[in-house]
Number of protein chains: 2
Amino acid sequence: MLSKTAEYALRATIYIALKGSEDNKLGIEEIAKGIDSPRSFTAKILQLLTQNNRVISSVRGPNGGFYLTDRARKLPVKAILAAVEEENVITKCVLGLKECSETRPCPMHTQYKNIKKQLKQMFEKTAIQQLVDEFNKGNYFIDNLKGVRKPC
Amino acid sequence: MLSKTAEYALRATIYIALKGSEDNKLGIEEIAKGIDSPRSFTAKILQLLTQNNRVISSVRGPNGGFYLTDRARKLPVKAILAAVEEENVITKCVLGLKECSETRPCPMHTQYKNIKKQLKQMFEKTAIQQLVDEFNKGNYFIDNLKGVRKPC
DNA sequence: GTAAAAAAGGACACAAATATCCTTTTTTAA
DNA sequence: TTAAAAAAGGATATTTGTGTCCTTTTTTAC
């Protein structure tokens, strides 16, 4: 479904949103460990997220690190995909046809169109902070987002 | 969503189901042109489909080619994904976590679980022949599955 | 203002996906 | 039984995705 790049981008951003703040910036070391991802590769991805779409904020030097502003927390999850140029999952034809629409549908269009619509909704209507809130409400215990988990 | 390999596998199989029969086998040349895919690469993929899961049947030599048996036409679309080892789209966590379930959900599990369920249904409940039937009923006009299109 | 900490950036390495080409095997028709 | 047609198979090339490492820049604290 998504590339490793997109998965790490989502995991890292959610991790930073969950554990960090402007007063408590997180270093790349902690983030990579927290989401179980390769450190340097993740650093590259975070660069995309700080530059391309300003989803993540960063500060260099001692006490520096990554965090999300309140503004960024209101962004839809789609903004993360956009930063790593993978928004197209939302719109792409399941058979990979360049043209696939209601008037020129591919043979799977009827079956897929509603799923695609829901994917679109999920990524566009869900704010990053919303994921944080829901996660904090639950008593979840997650393996890969290690530092984030709570005991069951 | 899907790899090129999976897309070509789906397109080729649907193309063969639409245009071919045991009496009218299709050659790789025609198939690749019909679905707008690289010829040799598509040939490799068709090998997977003939070997791994017997979704497609083939005969060598003059008047040989590819076709689908009636049995194969009843297979779910998932069988095509299985042949190219890409069934996991149906079950995979959207964030790529190894463990993600109702009891140990990832932060997007709530939003994604229903979409995943529908994806699963689509690939498991839709038979290849069903796509053919629906396509033939409509007055469709498709660019990439070139030979298959009908005028609007 | 100097040293240390941290992200940013550049260059490179490795692996997987995608794609091509050529040879071999099978089959058919003449 | 031979030539031609077609898929099967093997080897290799190319591109993209993934991952690492080292240097540079920025920032802070002392």
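Naming: A, B, ... by sequence-line order, numbering from 1 per chain.
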Practice item. Between Pro62(A) and Ser40(A), name the one whose nearest nucleotide on DNA chain D is closer to the 5' end. Key: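 This one resolves to Ser40(A).
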Practice item. Output the residues of residues 2-9 of chain A in contact with DNA chain D, where contact means a heavy atom of the residue under 4.0 Å from an atom of the strand; sort by number or write none. Key: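 Residues of residues 2-9 of chain A under 4.0 Å from DNA chain D: Ser3(A), Lys4(A), Thr5(A), Tyr8(A).
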Check your understanding: Which heavy-atom pair separates Leu48(B) from Ala83(B) by the least distance, and what is that distance?
Key ->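 Residues Leu48(B) and Ala83(B), closest heavy atoms: CB-O, 3.9 Å.
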Revision key, fill the gap. Expected string for nucleotides 10-16 of chain C under the B/S/- scheme (protein heavy atoms, under 4.0 Å, primed atoms plus P, OP1, OP2 as sugar-phosphate) is BB-----
Exercise for review: Would you mind reading off the bend of the helix from dG1(C)-dC30(D) to dA30(C)-dT1(D) from its two end axes, five pairs each, to 10 degrees?
Suggested key: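 The angle, to the nearest 10 degrees, is 0°.
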Does a nitrogen or oxygen in the side chain of [X] sit under 4.0 Å from OP1 or OP2 of [N]?
X	N	answer
Asn63(B)	dA29(C)	yes
Gln47(B)	dG9(D)	yes
Ser58(A)	dA6(C)	no

Quick one: [X] [atom1] to [N] [atom2], roughly how many Å, whole number?
X	N	atom1	atom2	answer
Phe41(A)	dG19(D)	CZ	P	5 Å
Arg60(A)	dA6(C)	CZ	P	14 Å
Ile45(A)	dG17(D)	CD1	P	12 Å
Glu85(A)	dT18(D)	CD	P	13 Å
Leu49(B)	dG9(D)	CG	C1'	16 Å
Tyr67(A)	dA6(C)	OH	P	16 Å
Leu46(A)	dT20(D)	CG	C1'	16 Å

**Study point:** Arg54(A) side chain to Thr50(A) backbone, donor-acceptor under 3.5 Å
**Key:**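 Confirmed, Arg54(A) side chain pairs with Thr50(A) backbone.
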Practice item. Report yes or no: does Arg39(A) contribute a side-chain atom to a donor-acceptor pair with the main-chain N or O of Ile28(A) at less than 3.5 Å? Key: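 No; zero donor-acceptor contacts below 3.5 Å.
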Review point. So, Glu86(A) and Thr5(A): side-chain donor and acceptor under 3.5 Å apart, yes or no?
Key: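 Not at all, the side chains of Glu86(A) and Thr5(A) share no donor-acceptor pair under 3.5 Å.
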Check your understanding: How many angstroms lie between atom CD1 of Ile31(A) and atom CD1 of Ile45(A), to the nearest 0.5 angstrom?
Key ->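 CD1 of Ile45(A) is found 11.5 Å from CD1 of Ile31(A).
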Review point. Roughly how far, to the nearest 0.5 Å, is CE of Met1(A) from CG of Asn88(B)?
Key: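 Asn88(B) atom CG to Met1(A) atom CE measures 11.0 Å (nearest 0.5 Å).
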Check your understanding: When you measure from every atom of DNA chain C, which of residues 86-94 of chain B have a heavy atom less than 4.0 Å away?
Key ->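 None - not one residue of the stretch has a heavy atom sitting under 4.0 Å from the strand.
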Review point. Taking DNA chain C as the partner, which of residues 20-32 of chain B come within under 4.0 angstrom of it by heavy atom?
Key: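 By residue number: none to list.
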**Study point:** Pairs meeting criterion salt bridge (charged side-chain N to carboxylate O under 4.0 Å, His left out) with involvement of residues 115-130 of chain A, two or more places apart
**Key:**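 Qualifying pairs: Lys78(A)-Glu124(A), Lys120(A)-Glu124(A).
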